[in-house]
Structure formats: C-alpha cells, structure tokens
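Here is the naming used below: chain letters follow the sequence lines, and residue numbers restart at 1 for every chain.
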Amino acid sequence: MQNSEIARAFDDLADLLEIDGANAFRLRAYRNASRMIADLPESMTAIVEDADRSPSELPGIGKDLAEKITTLVETGTLPQLDEMRDKIPPGVVEMLRLPGMGPKKAAILFHELSITTLEDLKQAAEQEQIRALKGFGKKTEESILEGLAHAQQSAGRVFLADAKIQADAIFESLSQLPSVQQIAAAGSLRRRRETVGDLDMLITADDSTEPMDALADHELVEKVLARGETKQRVRLRSGLEMDLRVVPAESYGAALQYFTGSKAHNIVVRRRAQERGLKINEYGVFRDEDAVAGQTEEEVYAAVDLPWIPPELREDRREFEWAENNALPTLIEIEDIRGDLHMHTTATDGTASIADMAAAAKKRKLKYIAITDHSKRVTMAQGLDAKRLRAHWKEIDKVNAETSGIEILKGIECDILEDATLDLPDDVLAEADWVIAVLHYGLKQPQDQIHKRLLTAIKNPHVSIIGHPTGRLIGKRPGAEMNMQEILKAAADHGVMMEINAHPSRLDLDDVAAAAAKDLGIPIVISTDAHATTGFDVLQYGIYQARRAGLEKKDVANTKTWGQFKKLLR
DNA sequence: GCCGTTTTCGGCCCGACTGTTTTCAGTCG
C-alpha cells in the first residue's frame with residue numbers, strides 16, 4: 001500500500017470523526033499522522049513488513065495509530081473508517097468543502113434535516129428550511145446556495161505557476177498605492193509549494209482603506225467575500241480566493257512569518273515561544289504585554305533561538321533540526337544552473353529546430369544543452385527509431401560545430417517499455433552523450449512490474465538518468481506505484497542520476513523524493529523538458545522544488561561545467 | 001490520540017471575521 005493511501009485514510013477518518021464531534025486534539029493526532037506519512041520518504045508498508053521495525057518509531061505515531069497502520073497495510077481496510085463511513089454518508093463530508101460550512105453545521109444539517117447529499121442541501125435551502133435551524137439564519141442559507149453554485153467551477157488547488165501569475169499582477173497594482181509601505185505575497189505561494197489553494201497578500205500601511213478598496217476594484221477580483229479592519233477576503237475571476245492582511249510596520253516580520261506558514265511549522269515556532277515564556281502572534285513577539293520583536297522575520301526566529309529559515313523549508317520536516325544545529329542548507333539559486341539536459345525539437349514533438357533551441361538556451365546564459373527527443377514508442381510524437389536517431393545526432397553534431405558559446409549534446413529520451421526492455425538497442429544508446437530513461441506508458445502496472453522496468457533501466461550501463469521518475473501529472477494522474485526508497489538505492493548503487501522535471505504539472509521528483517535522493521548522494525539534474533524556445537521559462541519551478549527539497553548547488557549536477565559533469569557519468 | 005529534563009495525567013498555537021446572537025460559536029487560515 002502506498003503511503004499516500006494510508007495518509008488519505010487517516011485524513012478521511014479525521015473528517016468523519018470531526019463531524020461526529022470527536023475531541024479536537026484526537027483529530028489533530030490523525031491529521032498530523034497523515035501529513036507525516038505523506039511526507040515520509042520511505043515506504044510505510046516496508047516498515048510494517050520489517051520484523052525489526054514498527055510504525056510507532058515515527059514521531060506522532062503511538063500504539064493506537066501503529067495498530068491502525070498495520071491493519072491497513074495487512075488487510076487493505078480500516079474497520080473504524082468503514083464504521084464511520086456507514087454512520088456518515090459521503091455527501092455530508094462533501095458539504096465541508098462549501099465556504100463557511102464546517103463539521104458542526106454539517107452535523108446539524110445531517111441530524112436535524114436528514115440531509116445526505118449536496119442535492120438535498122440545495123433543496124432544503126431553496127425551500128427555506130435551513131434558516132429555521134438554531135444557529136442558522138437567512139444569510140447562512142443564502143451563502144449555502146451561493147457556495148453550491150460555485151462548488152462546480154472552483155478548481156481547488158491550482159498550479160504554483162498559475163497562482164503566481166495572478167499574485168504578481170495584484171502585487172504590482174497594490175505596490176504602487178501611496179499608502180502601501182511594504183508588500184509581500186505569503187502563504188504556500190511564498191513557500192513555493194507545487195500547488196496553491198489560495199493567495200495571501202500582506203501589506204504594511206497606516207490605514208487599510210486604500211489597499212482594500214483597490215483590491216476590491218482590481219480587474220482580477222470578482223467578489224469581496226469578507227472585509228474587516230485588518231483582513232479582507234476576495235474571490236478572483238479564476239475561482240482562486242485571496243486574503244489581504246494589513247498590519248502596522250512594526251509587525252511586518254511577525255505577520256510575514258505568521259502568514260507564510262506552514263501551519264505545522266508555525267505551531268512549532270509558537271510552542272518554542274511558549275517554552276521561553278513568550279507569545280507569538282501576527283503582531284509580534286510578546287513577553288507579557290511588551291513587544292520584544294516583530295519588525296523582521298529574523299527577529300522573530302531569533303526570539304526563539306533560531307536562525308532565519310528559508311520559506312521553502314517551512315513544513316515542519318527537518319528545518320528545525322537543521323536550524324538548531326546551524327546546518328541549514330544554502331539553497332540552490334536559478335543562477336547556479338549551467339546546462340539543461342532535457343528538451344525536444346521538431347524531430348519529434350518540439351516546435352523549434354536544434355539551432356533555435358541552442359540560440360534560446362544561449363540567450364539564457366546556458367553553457368550546454370542536450371537534445372533529447374523521444375524514442376519510437378512515443379508514436380504520437382513521431383518518436384525516433386535507431387536510423388532516424390542517428391541521422392538526428394549527425395545533425396546535432398553539425399549544428400554544434402557551427403555554434404559557439406554553447407555545447408550541444410547528443411541525447412535521447414528513451415522509453416522503458418511495458419515489458420521491461422528499452423525502446424532502443426544498447427549499441428545505439430552507447431553512441432549517445434546522454435540517455436534519459438523514462439516511463440510513459442503502462443503507468444498503472446503493478447509495483448513489481450514498475451520496479452522491474454526501472455531496474456532494467458538503472459542497470460543498463462548506457463542510461464545516464466531516470467527522467468520524471470514517477471510519471472505523475474499533478475492533479476491529473478498519480479505516478480506509477482513504487483517504493484521510491486528502493487528505486488533510489490538502486491540508482492545510487494549503479495551511479496544513475498535522478499531528474500527533477502521542472503514542468504509545473506510534473507515537478508517529478510517531488511520535494512520529498514528529491515530530499516531522499518540527496519541523502520543517498522545521488523546527483524540530481526533539474527531539467528525543463530522544453531518543447532519550444534519559451535519552454536526554458538519553467539526552470540524556475542524546478543529550482544523551487546529543489547529548494548523545497550533542501551538542495552544546494554553542490555547537489556545539483558547541472559550547476560557544474562560540462563567538463564566536470566562528465567566525470568559524474570558512469 | 002500523542003507526549004514527557006514539569007513523565008502516565010493534563011496539556012496540546014492564535015487571532016479575525018461573520019452571523020446569529022445579545023455575549024458567543026463556528027469557521028478559517
């Protein structure tokens with residue numbers, strides 16, 4: 001069983017228990033466990049199956065949760081979860097997604113009006129049955145109907161890239177207002193998570209009227225959902241929601257730290273404050289009534305005896321351990337990148353020639369690129385067979401000879417076929433400077449077969465790297481089922497590199513897997529997979545993901561010159 | 001439900017805004 005499935009079971013159980021009125025701290029225990037398991041680089045199933053180990057060795061897993069995990073892994077189901085599902089229909093859980101609808105209200109609607117589906121809910125609201133309930137009223141009823149009307153179109157989390165474009169546009173407008181002193185985007189956008197659920201914008205100003213009015217009138221804003229003295233919530237035309245917070249300048253650092261999150265990270269920071277007799281909120285760090293810090297984030301962290309922690313690391317994973325030991329990584333920057341080793345041309349499904357891609361790369365100060373068109377299995381892209389590939393390579397050599405200032409390498413993105421063979425023969429692969437092996441098809445095969453395929457590629461002496469290792473498309477399809485730790489160990493043993501594919505819908509390896517790869521000393525390559533001259537733009541997103549993984553310049557092989565890089569190849 | 005240099009019970013982060021109340025519960029981040 002995949003870690004994500006175990007995490008999901010605990011999250012679902014927490015939702016159900018919450019509607020059932022369970023103790024809030026019990027829910028937190030389930031949700032903490034869920035998050036910890038989702039972030040775990042090794043397979044929980046492997047831990048359960050190892051006689052010398054137990055899930056209870058992990059933080060936040062006690063006797064009870066360890067038993068539940070074992071049951072889940074061994075039987076595939078969790079009796080407590082099934083019982084709760086029988087007790088509370090799925091439609092009641094769905095109601096939690098409506099804005100303003102939480103577990104308490106959902107439970108009342110279920111128990112008092114026997115509402116079990118969103119359709120029931122709509123009818124009850126239309127028939128004005130809801131306003132009669134205690135704690136509900138006319139406005140609640142109207143907001144339920146509005147929420148239902150919006151439920152279909154609101155997309156949930158969006159790609160970081162899409163969120164950033166909108167946040168940048170609003171940032172640009174608000175930053176020009178006379179009353180705005182400082183402005184920053186916070187939240188998961190600032191932490192560079194691969195998807196963003198909503199936007200957080202922080203402003204320091206003496207008065208919130210002007211920025212709030214300006215936001216309400218912004219062309220991207222559809223509706224103001226709430227507005228108070230310091231906080232305004234709006235819905236953008238895209239469906240994304242955004243919070244604007246306005247605080248005084250002396251609170252800027254505390255507010256930025258607070259609104260950047262993550263929630264789990266902040267809980268640890270505030271607990272550290274408590275231990276030191278301090279209280280941290282968005283206005284500052286306080287000893288009794290006296291503010292002792294708050295103007296900068298550095299001050300806030302210093303108050304709890306920590307150095308400033310880069311936002312990308314603030315997930316309550318390993319950042320506190322690093323910070324305490326003065327061992328925070330110096331995270332990689334986009335300027336560190338010297339080469340791009342994954343891209344396509346008109347030979348397959350790209351839109352630009354070899355020369356055009358090289359020129360575009362040179363413009364971006366890259367010193368070397370590898371042209372890695374598809375192999376023949378990818379028929380949709382008119383993938384290359386041995387003959388066409390050799391002709392393509394000849395062309396690459398020719399363009400390389402005619403081009404100065406950038407090295408153009410002969411590469412191939414070679415499919416790992418469903419039967420665990422490679423799409424091109426060894427003698428062809430042997431002629432390449434750079435071979436990316438990838439899974440494109442048969443991603444739903446059982447784990448055993450996926451492992452067999454990946455190990456075939458890893459053991460092949462001509463394969464340089466595994467490209468987009470899981471094959472996931474964020475929000476669209478899960479990756480192939482695999483024990484990542486096992487695959488990474490094999491890659492480390494055979495000197496095979498691992499890719500972070502920078503495309504915003506892939507970002508594969510993800511942050512957790514990339515951190516695990518680093519721990520094993522595997523050289524990581526951040527690649528754009530560009531299919532056009534503009535395709536290099538996505539590099540930034542690969543860098544963000546690498547930073548979230550705690551990667552430094554030295555961990556990423558394509559920060560080196562090609563001469564140095566070659567020495568890392570087996 | 002987890003955890004412990006306050007260790008097997010009693011804690012567990014903190015505040016803004018809304019709607020429904022008439023002092024606060026619920027929701028949200």
Side-chain angles (χ1 to χ4, degrees), chain A residues 10 13-14 17-19 21-36 55-69 80 95-109 130-144 146-147 186-191 196-202 208 212 224-235 241-247 251 254-255 257-286 300 304 316:
Chain A
F10 284 145
L13 187 51
L17 287 169
E18 191 170 21
I19 296 169
N23 176 295
F25 297 107
R26 189 177 163 209
L27 302 172
R28 183 187 291 176
Y30 281 110
R31 295 205 167 107
N32 280 344
S34 170
R35 190 177 56 83
M36 192 278 298
S56 61
E57 73 196 43
L58 298 162
I61 306 292
K63 189 163 170 282
D64 181 90
L65 286 175
E67 273 174 24
K68 286 191 168 70
I69 290 167
Q80 292 89 342
M95 287 196 266
L96 298 181
R97 291 211 313 268
L98 299 174
M101 179 72 71
K104 295 283 189 337
K105 283 185 178 160
I108 291 170
L109 291 167
I130 290 172
R131 63 182 67 184
L133 295 169
K134 186 172 161 58
F136 292 73
K138 189 160 172 279
K139 287 214 172 173
T140 314
E141 200 171 71
E142 286 165 1
S143 91
I144 286 172
E146 213 219 316
S188 51
L189 181 81
R190 182 163 181 245
R191 302 202 311 280
V196 170
D198 62 6
L199 302 177
D200 290 284
M201 195 74 73
L202 173 68
S208 66
M212 285 191 183
V224 176
L225 300 174
R227 177 167 174 171
E229 277 296 299
T230 67
K231 175 176 159 182
Q232 182 179 34
R233 188 166 179 87
V234 300
R235 183 166 62 228
E241 294 185 1
M242 172 171 159
D243 278 332
L244 175 68
R245 324 270 184 146
V246 184
V247 300
S251 299
Q257 196 284 326
Y258 183 74
F259 296 128
T260 296
S262 65
K263 192 173 171 176
H265 175 91
N266 284 356
I267 285 174
V268 176
V269 170
R270 293 198 289 275
R271 197 164 53 218
R272 290 179 69 97
Q274 278 189 327
E275 289 163 6
R276 288 161 177 77
L278 301 168
K279 187 179 76 170
I280 296 183
N281 59 29
E282 55 264 58
Y283 299 108
V285 182
F286 298 88
V300 175
V304 293
D316 187 22

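Among the nucleotides dG15(B), dC17(B), dG1(B), the one closest to any side-chain atom of Thr230(A) is dC17(B). In this structure, of dC14(B), dT27(B), dT20(B), it is dT27(B) that holds the atom nearest to the side chain of Lys104(A). Minimum atom distance to the side chain of Asp64(A) is reached by dG1(B), of the listed dG29(B), dC12(B), dG1(B). When each of dG15(B), dC17(B), dT27(B) is scored by its nearest atom to the side-chain atoms of Glu282(A), the top-ranked nucleotide is dG15(B). Taking only side-chain atoms of Lys279(A), from C-beta outward, the nucleotide of dC2(B), dC17(B), dG15(B) with the closest atom is dG15(B). Of the candidate nucleotides dG1(B), dC14(B), dT27(B), dT27(B) has the atom nearest to the side chain of Pro103(A).
Note: NE2 (His265(A)) to C1' (dG29(B)) measures 16 Å, nearest angstrom. Counting to the nearest Å, the P atom of dG19(B) and the CG atom of Leu133(A) are 17 Å from each other. Rounded to a whole Å, the CD1 atom of Ile144(A) is 15 Å from the P atom of dG26(B).
Contact annotation: Arg233(A) side-chain N/O to dT18(B) OP1/OP2 distance is not under 4.0 Å. Within the 4.0 Å cut-off from OP1 or OP2 of dG19(B), not a single side-chain nitrogen or oxygen of Ser143(A) is found. A close approach under 4.0 Å does not occur between any side-chain nitrogen or oxygen of Thr140(A) and OP1 or OP2 of dT18(B). One finds no side-chain N or O of Tyr258(A) lying less than 4.0 angstrom from the OP1 or OP2 phosphate oxygen of dA16(B). Checking the phosphate oxygens (OP1, OP2) of dC28(B), no side-chain nitrogen or oxygen of Lys231(A) falls inside 4.0 Å. Side-chain nitrogen and oxygen atoms of Gln274(A) include at least one within less than 4.0 Å of the OP1 or OP2 phosphate oxygen of dC14(B).
Spacing between dC9(B) and dA16(B) at atom P, rounded to whole Å, works out to 37 Å. Spacing of C1' atoms, dT22(B) relative to dT18(B), comes out at 15 Å, to the nearest Å. Separation of the C1' atoms belonging to dC17(B) and dG11(B) is 28 Å when rounded to the nearest angstrom. dG19(B) and dC12(B) have their C1' atoms separated by 29 Å, with the value rounded to a whole Å. Spacing between dT21(B) and dG15(B) at atom P, rounded to whole Å, works out to 27 Å. Look at the C1' atom in both dG10(B) and dT6(B): the space between them is 11 Å, to the nearest Å.
In this structure, Glu241(A) pairs ionically with Arg233(A), as a charged nitrogen and a carboxylate oxygen lie closer than 4.0 Å.
At a threshold of 4.0 angstrom between heavy atoms, the contacts of Phe259(A) with the nucleic acid are absent. Counting any heavy atom pair closer than 4.0 Å across all strands shown, Asp198(A) reaches sugar-phosphate atoms only and no base atom. Across all strands shown, Asp200(A) has heavy atoms under 4.0 Å from sugar-phosphate atoms exclusively, and none from any base. Across all strands shown, Lys134(A) has no heavy atoms under 4.0 Å from either base or sugar-phosphate atoms. Within 4.0 Å of Arg28(A), counting heavy atoms only, lies at least one base atom of the nucleic acid. Backbone-only engagement by Ile280(A) is indicated by non-hydrogen atom pairs under 4.0 Å involving sugar-phosphate atoms exclusively.
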- Query: How far apart are the C-alpha atoms of Phe10(A) and Ile69(A), what are their side-chain angles, what is the distance that settles it, and do they pass the side chain to side chain contact (heavy atoms under 4.5 Å, CB included) test?
  - Reply: CA-CA 9 Å; Phe10(A) 284 145; Ile69(A) 290 167; 3.6 Å; yes

- Query: When you look at Asp316(A) and Lys263(A), which way does the salt bridge (charged side-chain N to carboxylate O under 4.0 Å, His left out) test go after all the steps?
  - Reply: CA-CA 9 Å; Asp316(A) 187 22; Lys263(A) 192 173 171 176; over 6 Å; no

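Contact between Tyr258(A) and Asn266(A) at its shortest, heavy atoms only, is O-ND2, 2.8 Å.
Heavy-atom contacts from other residues, nucleotides or ligands closer than 6.0 Å to CD of Glu142(A) number more than 12.
Of the two residues contacting DNA chain B, namely Met212(A) and Ile267(A), the nearest-nucleotide position lying further toward the 5' end is that of Ile267(A). Comparing Lys105(A) and Lys138(A), the nucleotide of DNA chain B nearest to each residue sits closer to the 5' end for Lys138(A).
In this structure a side-chain-to-backbone donor-acceptor pair under 3.5 Å is missing from Gln232(A) to Arg227(A).
Nucleotide dC2(B) forms a Watson-Crick or G-U wobble pair with dG11(B), both donor-acceptor distances falling under 3.5 Å.
Interatomic distance, Glu18(A) CD to Tyr30(A) OH, rounded to the nearest 0.5 Å: 13.5 Å.
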